[in-house]
Novice: 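Just dropping this structure here.
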Amino acid sequence: MLLTHKENILKFSWLLPSFLSLFLFGSTVKATAIANWHFDSNRNHLDFTTDENVQPQVQLFTNPTRLVIDLPGVTLGYPQTSQRVGLVIKDISIGQLNADTTRMVVTLTADYTFDLAQVKLQEESANHWSVQLPKPIPLTATQPKSLEITPSIFPTVSDNSTLFAGVVPMHLPMKVLEPQIKALMSRYSFLKTGMFFLDLGTGDYLDIGGDRVFPAASTIKLPILIAFFQDLDAGKVSLNEMLTMRRDLVTNGSGTMQYERVGKKYTALETITKMITISDNTATNMIIDRLGGAARLNQRFHNWGLKDTIIRHLLADLRGTNTTSSQDMARVLALVVNNKLVSPQSREQALDILRHTTIHTLLPAGLGKGAVIANKTGDIGFLIGDAGFVTMPNGKRYLAAIFVTRPYKDARGRDFIRQVSQLVYDYLNQLNPVAAVDSPNGFITTL
């Protein structure tokens with residue numbers, strides 16, 4: 001079908017001395033989600049596509065100049081993210097303004113603005129738009145630069161306290177199961193543990209020290225994997241791009257890439273797969289580097305709502321300075337399976353990689369026949385941990401995360417996790433597990 005191109009040149013007017021607002025209206029058809037977006041810094045050209053028709057609404061804020069593009073009826077599907085551009089056009093951000101609107105923001109450095117008569121919004125099709133930005137120009141003395149109060153570009157939205165990770169309704173604690181778990185903990189009193197399990201169907205949960213902070217070991221690779229797929233969805237990385245194994249990224253510990261020659265190239269897909277399936281530490285360092293470094297990843301983890309997940313050193317972090325908690329790991333998984341961090345396609349690809357991990361001695365060892373788990377383990381001798389998304393043969397799904405500090409390489413730590421996993425699995429495998437004694441039946445939530 002031949003598409004008709006419509007070009008709209010933005011005209012401006014001052015609504016307040018310090019606030020410039022422009023609005024463009026097109027055909028009103030609700031869109032569902034951002035399919036992709038891209039900013040070409042060489043041409044100052046922003047391009048975005050949605051799943052269905054969209055009506056952009058454009059505003060301009062000053063001090064500094066920010067071009068704001070609101071997409072009503074569009075949901076982003078992942079937390080706010082930014083793309084660094086350069087010295088004058090500083091960055092492009094995209095985030096969820098409210099439940100029904102996605103907002104894109106182009107920010108200029110101080111003392112620069114646009115000639116608004118030259119800003120062009122072009123409709124390529126009903127769900128495909130582009131914005132051509134002119135060359136930024138210095139502000140003159142007659143143009144206002146300050147003395148204004150502008151609203152937050154991305155207002156903070158408080159989490160519903162009854163929702164875990166803002167997406168899973170929490171119902172009742174698994175009170176019947178808790179005594180069994182605590183009895184097991186008493187038998188293994190020389191271990192220190194923290195665990196969090198959540199039934200995605202009923203919202204019932206087991207939380208014993210779920211907020212305790214532990215060394216992350218290789219479980220840190222789980223959120224790194226999701227961050228990679230977030231950037232894949234945003235067009236910032238490609239599965240087929242080649243990554244070079246630099247000498248400063250090669251490390252010891254788990255994995256086989258350390259034994260290959262420095263300078264060898266791998267596709268990004270090969271690298272993330274090795275990072276998860278064989279827990280390759282060198283592959284992990286290559287991905288951390290490709291995604292902009294630990295500081296940027298830490299900021300992204302914080303934006304996801306992770307309180308304790310921090311990368312302080314590249315792998316192998318044998319001293320355990322990188323940290324997380326059972327709740328944080330479960331939160332990442334909850335957001336992923338509910339399509340809040342990555343697209344459905346990326347979600348399935350990430351989970352498929354996690355289903356092919358090669359260490360099955362922790363959470364997987366306690367599951368029944370026919371159960372499937374997408375998980376990532378961690379082991380630095382004095383600590384072991386595992387976090388996963390379990391699908392049972394009866395269709396029930398739950399999140400599982402557990403960490404244990406132990407005497408160095410003591411196999412009883414592994415046995416403890418296996419037994420906890422088995423107790424939770426057997427409990428949830430009952431036809432009608434009772435979360436709390438004498439409690440009413442809970443609601444069922446289909447994800």
Side-chain angles (χ1 to χ4, degrees), residues 191-195 209-228 243 245-260 262 266 271-302 304 306-333 353-354 357-359 361-363 375-388 401-410 413-414 417:
L191 304 176
K192 178 184 177 182
T193 186
M195 65 186 76
D211 60 351
R212 289 178 186 156
V213 180
F214 288 88
S218 286
T219 65
I220 198 70
K221 297 166 186 175
L222 169 57
I224 294 172
L225 175 72
I226 303 308
F228 175 88
L243 304 180
M245 188 176 73
R246 301 197 314 263
R247 185 177 301 278
D248 61 306
L249 300 175
V250 177
T251 187
N252 60 355
S254 58
T256 60
M257 291 173 69
Q258 60 185 302
Y259 304 114
E260 302 293 336
V262 172
Y266 297 85
T271 309
I272 61 171
T273 300
K274 289 178 181 290
M275 176 179 74
I276 298 299
T277 58
I278 61 173
S279 201
D280 198 297
N281 288 335
T282 297
T284 306
N285 290 344
M286 291 169 64
I287 295 299
I288 292 173
D289 179 74
R290 179 63 184 87
L291 298 182
R296 288 191 178 182
L297 283 169
N298 289 338
Q299 183 58 54
R300 198 179 314 191
F301 299 161
H302 177 76
W304 296 351
L306 308 187
K307 298 177 180 178
D308 306 304
T309 303
I310 302 172
I311 303 172
R312 295 182 174 88
H313 289 93
L314 290 176
L315 281 289
D317 178 39
L318 299 180
R319 293 186 178 183
T321 61
N322 300 332
T323 56
T324 190
S325 67
S326 298
Q327 285 189 6
D328 271 9
M329 287 290 111
R331 183 182 182 93
V332 173
L333 291 165
I353 293 173
L354 289 164
T357 54
T358 55
I359 304 298
T361 56
L362 300 178
L363 287 173
N375 72 303
K376 185 68 198 79
T377 60
D379 182 350
I380 49 175
F382 69 90
L383 170 130
I384 51 176
D386 201 353
I402 185 169
F403 289 90
V404 170
T405 56
R406 60 178 181 172
Y408 193 76
K409 290 189 178 296
D410 193 318
R414 179 192 62 202
I417 292 180

Novice: Are Lys221 and Ile276 close enough that some pair of their side-chain heavy atoms sits under 4.5 Å apart?
Specialist: yes

Novice: Does the side chain to side chain contact (heavy atoms under 4.5 Å, CB included) test come out yes or no for Arg246 and Asp289, once each step is laid out?
Specialist: CA-CA 10 Å; Arg246 301 197 314 263; Asp289 179 74; 3.0 Å; yes

Novice: Nearest 0.5 angstrom please: Phe403 CZ to Arg212 CZ, how far?
Specialist: 13.5 Å

Novice: Taking the side chain as every heavy atom from C-beta outward, state whether Thr405 and Phe214 have any pair of such atoms under 4.5 Å apart.
Specialist: yes

Novice: Ignoring hydrogens, what is the shortest heavy-atom contact between Ile384 and Gly413? Give both atom names and the distance.
Specialist: CD1-C, 3.5 Å

Novice: Name all residues meeting the side-chain contact (heavy atoms from CB on, under 4.5 Å) criterion together with Arg312; count only those two or more places apart in sequence or in a different chain, and write none if there are none.
Specialist: Ile310, Thr321, Asn322, Thr323

Novice: Would you check if Phe382 and Lys409 make a side-chain contact, meaning some heavy-atom pair closer than 4.5 Å?
Specialist: no

Novice: For the backbone of Thr361 and the side chain of Arg414, can you confirm whether one donor and one acceptor N or O come within less than 3.5 Å of each other?
Specialist: no

Novice: Indicate the atoms forming the closest heavy-atom contact of Gly194 with Ser326, along with that distance.
Specialist: O-OG, 2.9 Å

Novice: Taking the side chain as everything from C-beta on, heavy atoms only, tell me whether Thr273 gets closer than 4.5 Å to Thr271.
Specialist: no

Novice: Residues in side chain to side chain donor-acceptor pair (under 3.5 Å) with Arg406, at least two apart?
Specialist: Asp379

Novice: Taking all non-hydrogen atoms of both residues, which atom of Gly388 and which atom of Asn375 are closest, and how far apart?
Specialist: CA-CB, 3.7 Å

Novice: How long is the straight-line distance from OG1 of Thr284 back to NZ of Lys274, given to the nearest 0.5 Å?
Specialist: 12.0 Å

Novice: Quick one: closest heavy-atom pair of Ile278 and Ser254, and the distance?
Specialist: O-CB, 4.2 Å

Novice: Enter the distance from Ile272:CD1 to Phe228:CZ here, rounded to the nearest 0.5 Å.
Specialist: 4.5 Å

Novice: The criterion is side-chain contact (heavy atoms from CB on, under 4.5 Å); which residues satisfy it with Thr251, sequence neighbours excluded?
Specialist: Asn281, Thr282, Asn285, Ala316

Novice: Any chance you could measure Met275, atom CE, to Thr277, atom OG1, to the nearest 0.5 Å?
Specialist: 9.5 Å

Novice: Of the non-hydrogen atoms in Ile288 and Ile311, which two are nearest, and what is the gap between them?
Specialist: CD1-CD1, 4.4 Å

Novice: Side chains of Thr377 and Asp386: any donor to acceptor distance under 3.5 Å?
Specialist: no

Novice: Under the salt bridge (charged side-chain N to carboxylate O under 4.0 Å, His left out) test, which residues partner Asp211, sequence neighbours left out?
Specialist: none

Novice: Who passes salt bridge (charged side-chain N to carboxylate O under 4.0 Å, His left out) against Arg290, sequence neighbours left out?
Specialist: Glu241

Novice: Rounded at 0.5 Å granularity, tell me how far CG in Leu333 sits from CG in Leu222.
Specialist: 5.0 Å

Novice: Hey, are the side chains of Asp328 and Phe301 touching, using non-hydrogen atoms and a 4.5 Å cut-off?
Specialist: no

Novice: From Leu383 CG over to Lys192 NZ, what is the distance, rounded to the nearest 0.5 angstrom?
Specialist: 10.0 Å

Novice: Ignoring hydrogens and angles, state whether a donor on the side chain of Ser279 or Lys376 is under 3.5 Å from an acceptor on the partner side chain.
Specialist: yes

Novice: Considering non-hydrogen atoms only, spot the tightest contact between Ala401 and Met329 and give its length.
Specialist: CB-CB, 4.1 Å

Novice: Val250 pairs by side chain to side chain contact (heavy atoms under 4.5 Å, CB included) with which of Gln258, Met257, Glu260?
Specialist: Gln258

Novice: Under the salt bridge (charged side-chain N to carboxylate O under 4.0 Å, His left out) rule, collect the residues that match up with Asp308, sequence neighbours excluded.
Specialist: none

Novice: Take Ile220 and Thr309 through the test side chain to side chain contact (heavy atoms under 4.5 Å, CB included) and record every step on the way to the result.
Specialist: CA-CA 8 Å; Ile220 198 70; Thr309 303; 3.5 Å; yes

